[in-house]
Colleague: 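Let me give you the structure first, and then I'll get to my questions.
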Amino acid sequence: MRIAPLRPIHPTMNDTTTPAPESGPRYDFAAAEPKWQQAWAERACFRVDDVPTDGKPKYYVMEMFPYPSGKIHMGHVRNYTLGDVIARYKRARGFSVMHPMGWDAFGLPAENAARERGIHPAQWTYDNIAAMRVELQRMGLSLEWEREFATCQPEYYRHQQKLFLDFLRAGLVERKESWVNWDPVDGTVLANEQVIDGRGWRSGAPVEKKQLSQWFLSITKYAQELLDALDKLDRWPERVRLMQANWIGRSEGARLAFSLADSSDTVEVYTTRPDTLFGMSFLAIAPEHPIAAAVAARDPDAEKFVAECRSRGTSEATIETGEKLGYDTGLRVRHPFIEGATYPVWIANFVLMEYGTGAIFGCPAHDQRDLEFARKYGLDVIPVVLPPGADPASFTIAKEAYVGPGTAFNSGFLDGLDVDAAKRAVIQALEQKGVGKGLTNWRLRDWGVSRQRYWGCPIPIIHCSTHGAVPVPDDQLPVRLPDDVTFDRPGNPLDHHPTWKHVACPICGAPARRETDTFDTFVDSAWYFGRYCSPTADVPVVKAAVDHWMPVDQYIGGIEHAILHLLYARFFTRAMKDTGHISVEEPFAGLFTQGMVNHESYRSADDRWLYPEEVEKRPDGSVVLRETGEPVTVGRVEAMSKSRRNTIDPGAIIARYGADTARWFILSDNPPERDMEWTESGAAGAFRFTQRVFRLAEALDGARTEMMPDHFGPAGRTLRRATHRCIAAVTEALESFGFNVAVARLYELANAITDAERAAPEAGLAWARREAVETLARLSSPMMPHLAEEVYARLFPDNGHLVAELNWPEADPALLVAESVTIAVQVGGKLRGTIEVPPNAPAEVVLAAAEADSNVVKALEGKRIVKRVHVPNRIVNFVVAG
RNA sequence: GCGAGAGUGGCGGAACGGUAGACGCAGUCGACUCAAAAUCGACCGCCCUUCGGGCAUGGGGGUUCGAAUCCCCCCUCUCGCACCA
């Protein structure tokens, strides 16, 4: 597409000729967009104080900050456009809006780049940031760049180290020897949250179990709070709250100890069904359980079984088939209540060391997994819960365990109690006997934050042989990453560094070893929203600033962070509160999760993926290879990915159509929470609209009247109603994330202006058109901010204001009432005609007019009206009989 | 399996329980043009003969004067979780 050369943006006084629309000037976005971006920057339109004194209500809107991969993608465009619309709208509504941007800058890709291309991770990262900042700035986002920071800057991570030490002093940090998820490809530990289907979230490699000494943040101390507070997050999507609740995974049950038959040792189990204790037929322990290890040490077959379980882990085959595998240790345990009864102890692959105590008692009659296991290995199935109405003599378990309600039987002192009463009774009995107690269990584990990586925030600890793990004194922070590292061998470069880790113990001065692990990068993003409030302060957060701005009123990002990042941030905020840094508990009052940006994929005849630019769509509907004309197969519409080559480069779109077009299209296609499809035709359509808005403004040249006329003709009145209805409708749509609807309403206003252009000249019409075009520009300014400024500057060349500084238009209530209303007339619920009546006309008048409509008369022929329904200004329904 | 969400023209989608399909994309016809692009105008759910009807919001029931919308049952799709004891 060629863009015609432009005439000057601001017409001179002499330049009043209105060219014919066909040959009219085009909006030169390439000149206008940088100009307005500069104007906003010069006027500091988006600046706010750390602790404002302007008395305005505050509004903190923030999108998830990007990882500096080097290029922005369409997901970023959607994310930041959504946030920018809200920021600009709220500013116009009189809020003091903070809208910051930064960089989630630590992470593995920088190290990979270093390994593959010999670039230092810092160099690579800062280069990428520079490139991406330019791209974001081209989008015309109303960001306050003065608050920008990158998490890899010592000026940021030194405060993170301070927070960690404060958490440590507050008892929220532990060093634990524990089984960890080891990613053999990335050569590092993963948090539970980073293991997906038994594989590393980044590498996709099957995760191994390994025992390591690690730093843990005590997120489990907040499990109950994090769960309870979900109910109050009423501006979060229901499904995110649910995902978090499931992840936290509270369950009520009991912990009890079984004593081994031939020794004084005990095995602890956790159960949510203590009421089924009399239905027990075996005890099962996880392959990683200490008893399993002890058995394996003297029994080669057991050792073999345990090793098999470990190598298979939670991977493919076992999980998919759900096959239960077990090994009988030969050990037996005693029943706590049945004198003399003992049960076999099995090692079972379906028992997880990480959950509960790593051991269960098996009650096959009332647990499906236990039942499958029992059937496979010929263990007893003893029903102890009788379903309502069932006959105790004949009730048996076949292929389905019974997990419903009922009364206890075959259960000694529990007989006759319902499930809940039986649970209470058995817990009481266990407590009396001193072998168990009621216990709430959590699925949530403490957050392991140690990573064996270079490009991350150093953990500020020094290991001394006398004093153990010693915190680095606050006045020695930050612990800086050394620049001179090599990536020529696997493992952690910090550990390989010749001198960095050798330091003196802060307590005794003896030679000691610096902690060489760095923080999980999710730590970096767990508090950055707080840092934005006072980004240059010499403390992590300035309390007056965070207490003013927090919580974030609207946070926007992808659903993929529903658990990891959002849960960690919620935890961190609470921990910061408990260490005196901040007063709020919840970081994000409102959360919006956007859908993905998808695109068609294309394949050539020889089955290669093709880039959209390589493909041509012919007018006859065929799709061919642009260069050769060979046929192309159009594949599914799916998430943009490099491997499928169905990516669209935002930079190319902005260069071709301008930022406003990209923003407009990405908002207009569909509701923002759903996945959208980027189409070339849709983008071209959005571009046409930008040009059309510009032409509507151009067509006003020479039609300037400043005073609002006293009287308007019919066309003027119609247009003014359309204008003010549009204000009301767009406002409502923006308030409820209905951006696609807001766009539709603006198209309607543009159509109404076009109608008015064609109307016969009448008094006041020129003024009404001017009002309509001005309103169109101002209402579309959150979405197309540059075009809005351009149009506004043409309408008011001398008033010196930017749209970015104006208040939101107000609808005149008098113009929201129609001159006449169209009322649908139904006969027996079917539409038979419409009538025009004055608004709020009395029922008698409306009904009489309705009954007189010729088509209604016909429909009523031979029928008796049994009821007349009249909904004012809406509908009339004649209910008929016969 | 459990949980959540969604099913409306060729497509994306509108629609306080009140004229279903706003608006856009695609398409058809026309104007302008040597031509194309751009622009402008008209049409654009399906069926019946036009006036006018009939059928239509995944399927089946129900509530209601009136249901895309509320209730019940079923089907399909998407996403999340998943040996959690």
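All figures in this text were calculated on a predicted structure; none of them were measured in a lab. Lettering follows sequence order; numbering is per chain, from 1.
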Colleague: Distance check, C1' atoms only: B/C72 and B/C25, in whole angstrom units.
Modeller: 39 Å
Colleague: Could I get the full list of ring pair (Phe, Tyr, Trp, His ring centres under 6.0 Å) partners for A/His565, not counting sequence neighbours?
Modeller: A/Tyr555, A/His561
Colleague: Report each atom pair, protein N/O against N/O of nucleotides 7-12 of chain B, whose distance is under 3.5 angstrom.
Modeller:
{"unit_1": "B/G12", "atom_1": "O2'", "unit_2": "A/Asp669", "atom_2": "O", "d": "2.7"}
{"unit_1": "B/G12", "atom_1": "O2'", "unit_2": "A/Asp669", "atom_2": "OD2", "d": "3.3"}

Colleague: State whether A/Arg250 places a side-chain N or O below 4.0 Å from either non-bridging phosphate oxygen (OP1 or OP2) of B/C84.
Modeller: no
Colleague: Describe the nucleic acid contact of A/Thr822 in one word from base, sugar-phosphate, nothing, applying a heavy-atom distance below 4.0 Å.
Modeller: base
Colleague: Assess the residue pair A/Thr220 and A/Asp446 against the criterion (side chain to side chain donor-acceptor pair (under 3.5 Å)); give the C-alpha distance rounded to whole Å, side-chain angles, the decisive distance to 0.1 Å, and a yes or no.
Modeller: CA-CA 6 Å; A/Thr220 53; A/Asp446 277 337; 2.6 Å; yes
Colleague: For A/Arg688, check salt bridge (charged side-chain N to carboxylate O under 4.0 Å, His left out) against everything at least two apart and list the hits.
Modeller: none
Colleague: Rounded off to whole Å, could you give me the CE-to-P distance for the A/Met353 and B/C84 pair?
Modeller: 17 Å
Colleague: With the criterion being N/O to N/O and under 3.5 Å, what pairs connect the protein with nucleotides 65-69 of chain B, and how long is each?
Modeller:
{"unit_1": "B/C65", "atom_1": "O2'", "unit_2": "A/Asn877", "atom_2": "ND2", "d": "3.0"}
{"unit_1": "B/C65", "atom_1": "O2", "unit_2": "A/Asn877", "atom_2": "ND2", "d": "2.7"}

Colleague: Picking from A/Val730, A/Leu746, A/Asp660, what satisfies side chain to side chain contact (heavy atoms under 4.5 Å, CB included) with A/Ser780?
Modeller: A/Leu746
Colleague: Just the rounded figure in Å: distance from P of B/U39 to CZ of A/Phe694.
Modeller: 15 Å
Colleague: Please enumerate all residues that pass salt bridge (charged side-chain N to carboxylate O under 4.0 Å, His left out) together with A/Arg832, with sequence neighbours excluded.
Modeller: none
Colleague: Write down the distance separating the P atoms in B/C83 and B/A6, rounded off to the nearest Å.
Modeller: 28 Å
Colleague: Which whole-number value in Å describes the distance from A/Leu256 CG to B/A85 C1'?
Modeller: 11 Å
Colleague: What interatomic distance, in whole Å, is found between P of B/G21 and the corresponding atom of B/A68?
Modeller: 12 Å
Colleague: Between residues 726-738 of chain A and RNA chain B, which residues have a heavy-atom gap below 4.0 Å?
Modeller: none
Colleague: Is the closest side-chain donor-acceptor distance between A/Tyr355 and A/Ser251 under 3.5 Å?
Modeller: yes
Colleague: Tell me, please, which residues at least two apart from A/Glu757 pass side-chain hydrogen bond (donor to acceptor under 3.5 Å, both in side chains).
Modeller: none
Colleague: Please confirm whether the backbone N or O of A/Ile219 pairs with a side-chain atom of A/Arg445, one donor and one acceptor, at under 3.5 Å?
Modeller: no
Colleague: Could you tell me how far B/G13 sits from B/C29 if I compare only their C1' atoms? Round to whole Å.
Modeller: 26 Å
Colleague: Taking the C1' atom in each of B/C65 and B/C79, what is the distance between them to the nearest angstrom?
Modeller: 41 Å
Colleague: For B/A36 versus B/U50, give the span between their P atoms, rounded off to a whole number of Å.
Modeller: 34 Å
Colleague: Any base atoms under 4.0 Å from A/Val351, or only sugar-phosphate, or nothing? Heavy atoms, all strands.
Modeller: base
Colleague: Expressed in angstrom and rounded to an integer, what is the separation of A/Lys830 atom NZ from B/A56 atom C1'?
Modeller: 11 Å
Colleague: Taking the side chain of A/Arg688 as heavy atoms from C-beta outward, which of B/A85, B/A82, B/A38 is closest to it?
Modeller: B/A38
Colleague: Which nucleotide wins on minimum distance to the side chain of A/Ala824, given the candidates B/A85, B/U19, B/A26?
Modeller: B/U19
Colleague: With syn defined as a glycosidic angle within 90° of 0 and anti as everything else, classify B/G53.
Modeller: anti
Colleague: Taking for each residue the nucleotide of RNA chain B bearing the nearest heavy atom, is the 5' side occupied by A/Asn441 or by A/Ile823?
Modeller: A/Ile823
Colleague: Could you tell me whether the side chain of A/His366 and the main chain of A/Val384 form a donor-acceptor pair under 3.5 Å?
Modeller: yes
Colleague: What's the closest nucleotide to the A/Arg692 side chain, out of B/C40, B/A22, B/C84?
Modeller: B/C40
Colleague: Once salt bridge (charged side-chain N to carboxylate O under 4.0 Å, His left out) is applied, do any residues pair with A/Asp275, and if so which ones, sequence neighbours excluded?
Modeller: A/Arg273
Colleague: I'd like to check the salt bridge (charged side-chain N to carboxylate O under 4.0 Å, His left out) partners of A/Glu836; sequence neighbours left out, ordered by chain and number.
Modeller: none
Colleague: One thing to verify: whether A/Glu252 and A/Arg250 come together as a salt bridge, which I'm taking to mean a side-chain N less than 4.0 angstrom from a carboxylate O.
Modeller: yes
Colleague: By the 4.0 Å heavy-atom rule, please label A/Asn751 as base, sugar-phosphate, or nothing.
Modeller: sugar-phosphate
Colleague: Taking the side chain of A/Val741 as heavy atoms from C-beta outward, which of B/C83, B/A15, B/A26 is closest to it?
Modeller: B/A15
Colleague: How many Å lie between CZ on A/Arg443 and C1' on B/C83, as a whole number?
Modeller: 12 Å
Colleague: Classify the nucleic acid contact of A/Tyr747 as base, sugar-phosphate or nothing, counting any heavy atom under 4.0 Å across all strands shown.
Modeller: sugar-phosphate
Colleague: Filter on salt bridge (charged side-chain N to carboxylate O under 4.0 Å, His left out), then keep only pairs touching residues 669-679 of chain A, sequence neighbours left out; what's left?
Modeller: none
Colleague: Show me the protein contacts with nucleotides 51-53 of chain B, counting only N or O atoms at under 3.5 Å.
Modeller:
{"unit_1": "B/G53", "atom_1": "OP1", "unit_2": "A/Asn855", "atom_2": "OD1", "d": "3.4"}
{"unit_1": "B/G53", "atom_1": "OP1", "unit_2": "A/Asn855", "atom_2": "ND2", "d": "2.8"}

Colleague: To the nearest angstrom, how far is A/Ile559 atom CD1 from B/A6 atom P?
Modeller: 14 Å
Colleague: Grab the CG-C1' distance between A/Leu439 and B/C84 for me, whole Å please.
Modeller: 14 Å
Colleague: Under a 4.0 Å threshold between the charged nitrogen and the carboxylate oxygen, would A/Glu748 count as salt-bridged to A/Arg745?
Modeller: yes
Colleague: Tell me, which stems hold RNA chain B, with a stem being 3 or more Watson-Crick or G-U pairs in a row and both distances under 3.5 Å?
Modeller: B:1-7 with B:75-81, B:10-12 with B:23-25, B:27-31 with B:39-43, B:45-48 with B:52-55, B:58-62 with B:70-74
Colleague: Given B/A26, B/A4, B/G24, which nucleotide is nearest the side-chain atoms of A/Arg239?
Modeller: B/A4
Colleague: Can you tell me the distance, in whole Å, between the CE atom of A/Met280 and the P atom of B/A85?
Modeller: 18 Å
Colleague: Say you pick atom P in B/A4 and the same atom in B/C11; how far apart are they, in whole Å?
Modeller: 29 Å
Colleague: Which listed nucleotide (B/A14, B/C84, B/C23) is nearest to the side chain of A/Arg369?
Modeller: B/C84
Colleague: What interatomic distance, in whole Å, is found between C1' of B/U57 and the corresponding atom of B/A67?
Modeller: 11 Å
Colleague: Report the C-alpha distance between A/Met243 and A/Glu238 in whole Å, list the side-chain angles of each, state the deciding distance to 0.1 Å, and finish with yes or no for side chain to side chain contact (heavy atoms under 4.5 Å, CB included).
Modeller: CA-CA 9 Å; A/Met243 283 160 77; A/Glu238 180 60 30; over 6 Å; no
Colleague: Under 4.0 Å between any heavy atoms, over every strand shown, what does A/Asn740 touch: base, sugar-phosphate, or nothing? Just pick one.
Modeller: sugar-phosphate
Colleague: Measure from the side-chain N and O atoms of A/Asp380 to the backbone N and O of A/Ser281, and report whether any donor-acceptor pair falls under 3.5 Å.
Modeller: no
